[in-house]
Each structure stands twice: as C-alpha cells, then as structure tokens.
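Report on the following structure.
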Amino acid sequence: MAAWSGVRRALSGGRRPVWAASLSPEERLRRMLPPEQGAEEPSGAPRAVPPPFRAGELALVEAPRRQRAPLRALCRLAAGAALGAPGGLLLPHDSVIGRLPGEVVRLRGGGRLLVRRPSLEEYALLMPRGPAIAYPKDISAMLMMMDVHPGDTVLEAGSGSGALSLFLSRAVGPKGRVISYETRDDHHSLAKKNYRHWRAAWEIGHMEEWPDNVDFILKDISTAAEDMKSVTFDAITLDMISPQSALSVVHPSLKQGGVCTVYLANITQVIDLLDRIRTCKLPFLCESIVEVTHRKWLVLPAKIKNCKSSQTAETQENTEEETHQKDYDEIHIQDQIVPKDIECNELQKDVFLTESISDDAETYCSVPYVARPSNWQDAHSGETVYSIYIFFCTRTSHVTIS
C-alpha cells in the first residue's frame, strides 16, 4: 500500500490531490458548483429577489383554512380596481401592487392572505372557461406520450379554453409551432383570450416574453386536408367529440413514427376509435390506452382541546361541512375568480400588515396528525366525475417482409 501511495504522489507531482483532502460536505458541494454559483456573496450584498407585482399581471390570492384546502382567487391587477365578490369589497389591487410574491398580508379584521404569482397549472385550472378543460395531470401524461421537444411542430384539434395550447406552447419553445383548430367561434375566441392574457402577464411579471408560437384557426379539422398538405407534424393531439373523423385527414401530415394522442371521456369512444382505425385500415398502431389517476390527500394536525394530547383528537370528519363541498369554490366574475365563502367583514380595505404564516397569538404543541384522501378528487371539470382515457397511437407504414 505504501508503494501505491508513493506512485500516486509521484503522478500528482508530490502533492495530495484536492479530492484526497478531508472536506466537509458543504465544502465539497461548493467546489463542485461553477465559480459564479459557488462563490460566497460579499458581506452585506443584496440577495436576488423577484420583481414586485405590477399592474397588468396576474395575482393568485389564497386564504388559508384550517380543515380544508385554501380558498383561491385569481385576478388581473389594475390600479384603482378591487377583487370583489357578491356582498362587498374584498381586496383592493393597490394593496397588492408593489408587493413581492409570497408575502402574507394580515388585515385589521384578522384575515390573512397569501399573494403570489400563479403557476401555469393554477392558471389553467382557474382561468375563465367555456368548455371543459384538459386537466394538467392529463396534459402531463400526453406531453410525455407525444415526447414533445423544443422546436417541434404540433397539431391540436379542439382548442377548447386554451389549457392544452398553453402547455404545448411551453413545450415546443420559441423555435417550435402549435397549430390549433377549433370549430366553435366562442371556444376559439376564449382560447385566444386566455392565451393572450397569460402571455401579457408573463412578460410583465418575469421581464421576458412568452413565445408567440400558437396559431388559432377557426375551422373544422375534418375539412382542413388542403391546409395541411405542406406541413409535417412531429405530434398530433385530438380533443374532440368525434376524433375518428379527423384521423383520416391528419395522418398524411404526421411524420413517420410520429405520435397521436386522443383525449376521450369514456371507454365507448375508445372502442369506436379502434374500430374506425381497423375498418378504414388507417396506418396507426395502438400503443396504449391509459386512465390517468391523481389522488389528493389532506394531511392536517388533529384538533385537540386545551392542547392535551391525552384527549381524543377531533378529525375533519367531525367538523361541519357541506355535502360534496369542493376543496375550493370559486365564482367567475368577468376577468377574475372570486372565492365564495371568504367573509367580507374579515377583509378590510385600509390596513394591511405583512406577517409570517404562524400566528403568535395562538399556542402550539406537539399533536397527532390526521391523513386521509381528499373528499373531492379532480377527475374532470364537469359536474359528474368520470374517467378520462388517453388513446396513444403511432403512425406506421405497412411493410411486407419477404
């Protein structure tokens, strides 16, 4: 062993290598990082902070609730405007403009609100909608199945409210392209409006431009064969009532080995689609039929009287709540969404105080936790909860092997 140690020292010029030194885990990580990231900040140097809220961008306001998920409201900030609901004034926009995202504000009446920028998932769930949207959990599965890359050209049939269009826009990037067809004029206008509003808010809040890479076309996809002769798509997604009527039109424009996903509401539609592919001898190979599940959980501290752990914990099942109450309720009012059950008398207009989430006035102690599935599971945006199936197929060519 001593001989090998001598050889190693000779190869390294007689000095111990850096990795042989006894370093702390933090020091090892620091040396692995690039110099600009690993270098320590000078004493007193300001920390990087996100830009404050400005007029014209979107703000997500959350009101925490002890026994249920927080109430959420989405609004577009405007000077002199207010986030309102039936019953009175809730939140003036001027009290949010100029604040940093992630701040918790406390009102004189005792209410607390968390204000932050919405994610694309939250915007898709809370934005104004006409038709039912494709849920983000399903969109994520579809994007993985289609294997969409930056720079791809993707065809979407069924713009709907524009949720899938936004996720496709982000997936293909500035060099990619999304062509979205819609037959109904109201759905077409709403999808364009939601897409335009997200782009405008993103540019204001993030100081950079969201790519303008979606072409919304008001036309029936089944009559658009001539329009697509000169276009080759890397992937196709169909979210329409009768996707079988579009397959014969779009398959010549899908590249060899390209993927087509179809968003279907029930299994009988899947059977009809498979039968159409078989009887018309369309060059598609069914890869898989998937039902995407997404189970939400509530993990909350049990409510114990007088902070004594020996007493019986009161779980959420023992509390009063409405039958079939969603985790959060909202009312669409023009260009904003307002939660139903925030009490107007708790939200005052004049005084806002920034504070942490914890309330110093309360006494905390170690308590058991209650964990159970949420009463409301997001399966679809319709009134009736039902399954959603994603039909995943690949374009092939019929090859005869001699």
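Because the structure is predicted, anything quoted here is derived from the model rather than measured.
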field: Chi angles and distances behind the side chain to side chain contact (heavy atoms under 4.5 Å, CB included) call for L113, E62
entry: CA-CA 6 Å; L113 300 175; E62 292 185 354; over 6 Å; no
task: Please report the C-alpha distance between T153 and T232 in whole Å, then the side-chain angles of each, then the deciding distance to 0.1 Å, and finally whether the side chain to side chain contact (heavy atoms under 4.5 Å, CB included) criterion is met.
output: CA-CA 8 Å; T153 301; T232 300; over 6 Å; no
- prompt: How far apart are the C-alpha atoms of Y263 and L238, what are their side-chain angles, what is the distance that settles it, and do they pass the side chain to side chain contact (heavy atoms under 4.5 Å, CB included) test?
  reply: CA-CA 6 Å; Y263 196 55; L238 307 177; over 6 Å; no
- request: Please step through salt bridge (Lys or Arg N to Asp or Glu O under 4.0 Å) for the pair E122 and R117, ending with a clear verdict.
  value: CA-CA 10 Å; E122 292 164 334; R117 291 188 172 98; over 6 Å; no
- request: Might you work through the salt bridge (Lys or Arg N to Asp or Glu O under 4.0 Å) test for R76 and E57, ending with a clear yes or no?
  value: CA-CA 6 Å; R76 182 174 302 278; E57 67 173 309; over 6 Å; no
query: Should R170 and W210 be marked as a side chain to side chain contact (heavy atoms under 4.5 Å, CB included) after you check the CA-CA gap, both sets of side-chain angles, and the distance that decides it?
result: CA-CA 8 Å; R170 183 171 66 177; W210 183 276; 3.6 Å; yes
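Looking at every heavy atom in both residues, P131 comes nearest to L190 through CD-CD2, 4.5 Å. Taking every heavy atom of both residues into account, M127 and G162 meet most closely at CE-C, 4.1 Å. Heavy atoms only, all atoms of each residue included: V214 and S180 are closest at CG1-CB, 4.4 Å. Scanning both residues, W297 and R372, for their nearest heavy atoms gives CE3-C, 3.2 Å. Between D227 and Y181, the closest heavy-atom pair is CB-OH, 3.7 Å. In terms of heavy-atom proximity, S161 sits nearest to I133 at CB-CG2, 3.8 Å.
No hydrogens or angles considered: nothing links the side chains of T183 and D220 as a donor-acceptor pair under 3.5 Å. Side chains of S165 and S159: no donor on one and acceptor on the other come within 3.5 Å.
D239 places no side-chain N or O within donor-acceptor distance of the main-chain N or O of G158, the cut-off being under 3.5 Å. In this structure, the side chain of N213 engages the main chain of G173 through a donor-acceptor pair within 3.5 Å. Judged purely by atom type and a 3.5 angstrom limit, N194 uses its side chain to pair as donor or acceptor with the backbone of P128. In this structure, N266 contributes its side chain and Q269 its backbone to a donor-acceptor pair below 3.5 Å. Within the 3.5 Å criterion, the main-chain N or O of V154 finds no donor-acceptor partner in the side chain of R177. Not a single donor-acceptor pair under 3.5 Å links the side chain of H93 to the backbone N or O of A79. A donor-acceptor pair is defined here as one N or O able to donate and one able to accept, closer than 3.5 Å; such a pair exists between the side chain of H149 and the backbone of D147.
Here E182 contributes atom CD and I221 contributes atom CD1; the two are 11.0 Å apart, rounded to the nearest 0.5 Å. From L155, atom CG reaches atom CD1 of I179 across 7.0 Å, with rounding to the nearest 0.5 Å. Rounding to the nearest 0.5 Å gives a distance of 7.0 Å between SG of C393 and CG of L273. For the atom pair CG (D272) and CG (L264), the distance works out to 9.5 Å, reported to the nearest 0.5 Å. H188 NE2 to K192 NZ: the interatomic distance, rounded to the nearest 0.5 Å, is 3.5 Å. With values rounded to the nearest 0.5 angstrom, E287 atom CD is found 5.0 Å from L285 atom CG.
For the pair K193 and H197, the minimum side-chain heavy-atom distance is below 4.5 Å. Side-chain contact between L247 and C260 is present, with heavy atoms from C-beta onward closer than 4.5 Å. For the pair L274 and I289, the minimum side-chain heavy-atom distance is below 4.5 Å. Counting only heavy atoms from C-beta outward, the side chains of R72 and V61 never approach each other to under 4.5 Å. Side-chain contact check for T237 versus L168: some heavy-atom pair is nearer than 4.5 Å.
Note: W198 and W202 have tilted aromatic rings, judged against thresholds of 30 and 60 degrees for the angle between ring planes.
Legend: residues meeting side chain to side chain contact (heavy atoms under 4.5 Å, CB included) with S245, ordered by chain and number and at least two apart, are M240, S242. Among residues two or more places apart in sequence or in another chain, the salt bridge (Lys or Arg N to Asp or Glu O under 4.0 Å) test is passed with D152 by none.
Within 6.0 Å of the NZ atom in K219, the count of heavy atoms belonging to other residues, nucleotides or ligands exceeds 12.
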